[in-house]
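Since the structure comes first, as C-alpha cells, the remarks are kept for the end.
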Amino acid sequence: MNTTVRTRFAPSPTGYMHIGNLRTALYGYLYAKSQKGDFVLRIEDTDRSRYVADAVDFIKRTLELAHIVPDEGPGFGGDYGPYVQSERMDLYKKYAEELVEKGAAYRCFCDPDENHAAGEFGGYDRTCRDLPADVIEKHLADGDPYVIRQKMPLSGETTFFDVLHGNITIKNEELEDQVLLKRDGMPTYNFANVIDDHLMKITHIMRGAEFITSTPKYTLLYEAFGWEVPTFIHLAPVMGKNEDGTVSKLSKRHGATSFEDLVKAGYLPEAITNYVALLGWNPKTTNQEIFSMEELIEAFRLDGLSKSPAVFDYDKLGWINGEYLKKMDEAEFEKLARPFAGDLPDYLEAHFGTLAALLKTRLTRLSDFAGEIAFLIDQPAFDASFYENKRNKVTPEKAKELLPDMIALLEEVPEADWTNDALYAKLNDFIAEREIKKGLAMWVLRIAAAGKLVTPGGATEILSILGKKNSLERLKKSLASLSAM
RNA sequence: GGCGCCAUCGUCAAGUGGUUAAGACACCGCCCUUUCACGGCGGGUUCAUGGGUUCGAAUCCCAUUGGCGUCACCA
C-alpha cells in the first residue's frame with residue numbers, strides 16, 4: 001500500500017521570503033506534486049518576540065506569486081489544522097507532559113540566567129533530571145515556573161537516515177537535554193515540529209542542512225512517542241559571493257536576496273522560480289534550463305538534488321530572466337516594462353511601443369530599462385574616439401566629412417516622412433550614390449545622434465524616435481564639437 | 001575548540017571503476033548585422049592535496065587541507 005507523500009513548508013513569519021526559504025518551499029512543493037501528494041503550509045510562530053504583523057499574508061502572497069499552491073494551510077483548508085502553531089498551544093503542552101510521564105522528559109525549575117553562568121552542561125543543569133518527587137511537588141505547589149526538557153541518553157549514539165546523505169550518526173553525549181516547552185508555555189521549534197509533522201502526517205521533511213546536527217534529537221522524540229520517523233532530506237544551503245571572493249550563506253549583505261527584492265529589481269517571478277529550482281537541483285535526463293512550473297513538477301526527482309552548497313549567481317538569473325522576456329508577447333512586455341521606464345518626455349511616450357520592442361530582446365532586467373533609454377532624453381557628452389570603428393572603417397575625420405552632407409540630406413526630409421523606413425531608404429540612396437560602406441554612414445549617424453557607443457536600435461531607429469527637430473539639433477551639436485577639435 | 005556536513009571549469013553542473021570529463025551562465029575570438037542585442041561557430045591546464053585499493057580511480061577507502069554548519073527557554 002502506498003501512502004500519500006506529504007511535504008510541508010514551515011516558515012516563521014518574519015516579514016520577508018529569503019531565497020533559500022523559497023527554494024525549500026519549491027522543492028517541497030515539486031516533490032509532493034511530482035508524487036501526486038500534498039503540500040502543506042504551516043506557520044511557525046512560537047517566538048512571540050519575533051512576530052511581525054501581516055507576515056502570514058505576506059508569505060501567502062509570495063507563494064502565490066511564485067506559483068506555489070499549498071493544498072492545506074491557513075486559509076487553504078485541510079483536515080489537520082489549525083496550521084498556525086500559536087493556535088495549537090494546548091496540544092504541545094499535552095504531549096510534553098506525556099513525555100514527562102513516560103520518563104523521556106523532565107521538568108526543570110532552574111533559573112535560566114543563573115544557569116547560563118554556571119554552564120557545566122551548557123545553559124542548564126542536569127541535576128533536575130533526578131529531582132525527588134516531593135521537591136517537584138513543592139515547586140509545583142508554589143507555582144514555580146519551569147521548562148520541560150528532553151532526557152537524552154548519556155551514552156551510545158543515534159543514527160538517522162537522510163535521502164541525500166545516507167546514514168548520519170551522532171554520539172548521544174553531544175546531545176543536550178533540549179527544552180521542549182518554554183517557560184512561557186510555548187513549545188520550542190524543535191518540539192512543535194515533531195508534534196505537528198506527526199499530527200499532520202508529513203512523510204518527507206525537507207529543510208536546510210543546518211538542522212542535520214539536531215535531527216537525532218528529533219528521532220529520539222519520535223521514538224519516545226512510538227511514532228514512525230519521517231524521511232529526512234537536508235538541503236545544502238544557498239551561498240552568496242562576498243566582495244573579497246569568499247562565499248557565505250546568502251544573506252542581506254549580498255544585496256537583493258529576498259524574492260520580493262528580486263521582483264522589485266526587475267526579475268520576473270517565473271524566472272526567479274526557474275532559476276532557484278536549478279540552484280541545487282538538476283534534471284539529469286535533459287539539458288533543458290527553461291522550465292515552466294508544470295515542467296518542473298514533471299521533471300523533479302529527489303536524486304537530482306545536490307548535497308553541496310550552491311552559489312547564487314545574478315548573471316545566470318539575468319540570462320534566464322532575459323529568456324523569459326524574449327518569449328513574452330509585445331503587449332505584455334510593454335505593460336510590465338512601463339513602470340520601469342520612469343518619467344518620459346512626450347516624444348518618447350509616443351514611441352513607447354517601439355522603444356519597448358527594441359529593448360525586449362536586449363534587457364536582462366526590467367529595472368535596466370530607464371538607464372538604457374536615458375541617452376534619448378539627454379544626449380551624453382562623448383569622446384571623438386566613439387567615431388572609431390575598424391570594422392566599418394570609421395574615423396573621426398570621416399565623420400567630420402560625412403556629417404554635413406547627411407545633415408543637409410535629412411533637413412530635406414519632411415516631418416511626415418520622418419519614419420524608420422523612410423529614413424532608411426533615403427540614407428540607402430545616399431550610401432549608394434557615394435559608394436560608401438553602409439556601416440560607415442550608419443555608425444557616424446548613430447554616434448552623432450546618440451552619443452553612446454552601445455544603443456538599443458540602429459541609427460535610423462534612433463532618429464525616428466528622436467524626431468526631426470531633436471535629431472538635427474543633436475547632429476549639428478555633435479558636428480560642432482567635432483569641428484572644434 | 002568539540003561534533004557534523006561538503007569538495008568536478010570563475011559560477012550552476014552531468015558523471016556512480018575504463019568518457020576526447022557533457023551542457024548552461026559568464027568571459028574571449030570569429031561570422032551575421034544599420035551599432036548593441038538576438039542568432040550561428042569556435043576557444044579555456046576543471047576533477048583540492050597526499051596516500052592507498054585496482055590491470056585501470058573524478059568515481060571506492062584513509063589522511064590532510066579548505067569551506068560551511070551546529071553547539072539558545074530563535075526558528
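Every chain is numbered from 1 and lettered A, B, ... according to where its sequence line falls, protein lines coming before strand lines.
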Practice task
Would you please confirm or rule out a distance under 4.0 Å between OP1 or OP2 of U34(B) and any side-chain N or O of Lys437(A)?
Solution key: no
Practice task
Measure the distance from NZ on Lys326(A) to P on G39(B) and round it to the nearest whole Å.
Solution key: 4 Å
Exercise for the section: Taking the side chain as every heavy atom from C-beta outward, state whether Leu482(A) and Tyr387(A) have any pair of such atoms under 4.5 Å apart. Expected result: yes
Handout entry: Any Thr188(A) side-chain N or O less than 4.0 Å from OP1/OP2 of A72(B)
Key = no
Practice task
May I ask you to evaluate whether Tyr424(A) reaches the phosphate of U34(B), defined as a side-chain N or O under 4.0 Å from OP1 or OP2?
Solution key: yes
Exercise for the section: Would you indicate what Lys241(A) reaches in the nucleic acid, counting non-hydrogen atoms under 4.0 angstrom: base, sugar-phosphate, or nothing? Expected result: sugar-phosphate
Practice task
Tell me what Phe211(A) touches on the nucleic acid: a base, only sugar-phosphate, or nothing, going by heavy atoms under 4.0 Å.
Solution key: base
Exercise for the section: Would you indicate what Gly280(A) reaches in the nucleic acid, counting non-hydrogen atoms under 4.0 angstrom: base, sugar-phosphate, or nothing? Expected result: sugar-phosphate
Handout entry: A22(B) versus C5(B) - spacing of their C1' atoms, nearest Å
Key = 28 Å
Exercise for the section: Tell me what Thr46(A) touches on the nucleic acid: a base, only sugar-phosphate, or nothing, going by heavy atoms under 4.0 Å. Expected result: sugar-phosphate
Exercise for the section: May I ask you to evaluate whether Lys438(A) reaches the phosphate of U34(B), defined as a side-chain N or O under 4.0 Å from OP1 or OP2? Expected result: yes
Practice task
Would you check if Thr231(A) and Ile205(A) make a side-chain contact, meaning some heavy-atom pair closer than 4.5 Å?
Solution key: no
Problem - Trp281(A) and Tyr27(A) aromatic centres sub-6.0 Å - result: no
Practice task
Sticking with atom C1', work out how far U46(B) lies from U19(B), rounded to a whole angstrom.
Solution key: 15 Å
Handout entry: Touch class at under 4.0 angstrom, heavy-atom based, for Arg391(A) against every strand present
Key = base
Exercise for the section: Using a heavy-atom cut-off of under 4.0 Å over every strand shown, decide if Val147(A) touches base, sugar-phosphate, or nothing. Expected result: base
Exercise for the section: Report which part of the nucleic acid Lys171(A) touches: base, sugar-phosphate, or nothing (heavy-atom distance under 4.0 Å, all strands). Expected result: nothing
Practice task
For the residue pair Ile320(A) and Tyr324(A), establish whether any side-chain heavy-atom pair is separated by less than 4.5 Å.
Solution key: yes
Practice task
Please measure how far the P atom in A14(B) lies from the corresponding atom in C60(B), and state the result in whole Å.
Solution key: 14 Å
Exercise for the section: Assign Met239(A) to base, sugar-phosphate, or nothing according to its heavy-atom contacts below 4.0 angstrom with the strands shown. Expected result: sugar-phosphate
Exercise for the section: Could you tell me whether the phosphate oxygens of C5(B), OP1 or OP2, come under 4.0 Å of any side-chain nitrogen or oxygen in His234(A)? Expected result: no
Practice task
Look at Asp177(A) together with Lys151(A) and state whether they make a salt bridge at an N to O cut-off of under 4.0 Å.
Solution key: no
Exercise for the section: Among A26(B), C3(B), U35(B), find the nucleotide with the atom closest to the side chain of Trp319(A). Expected result: A26(B)
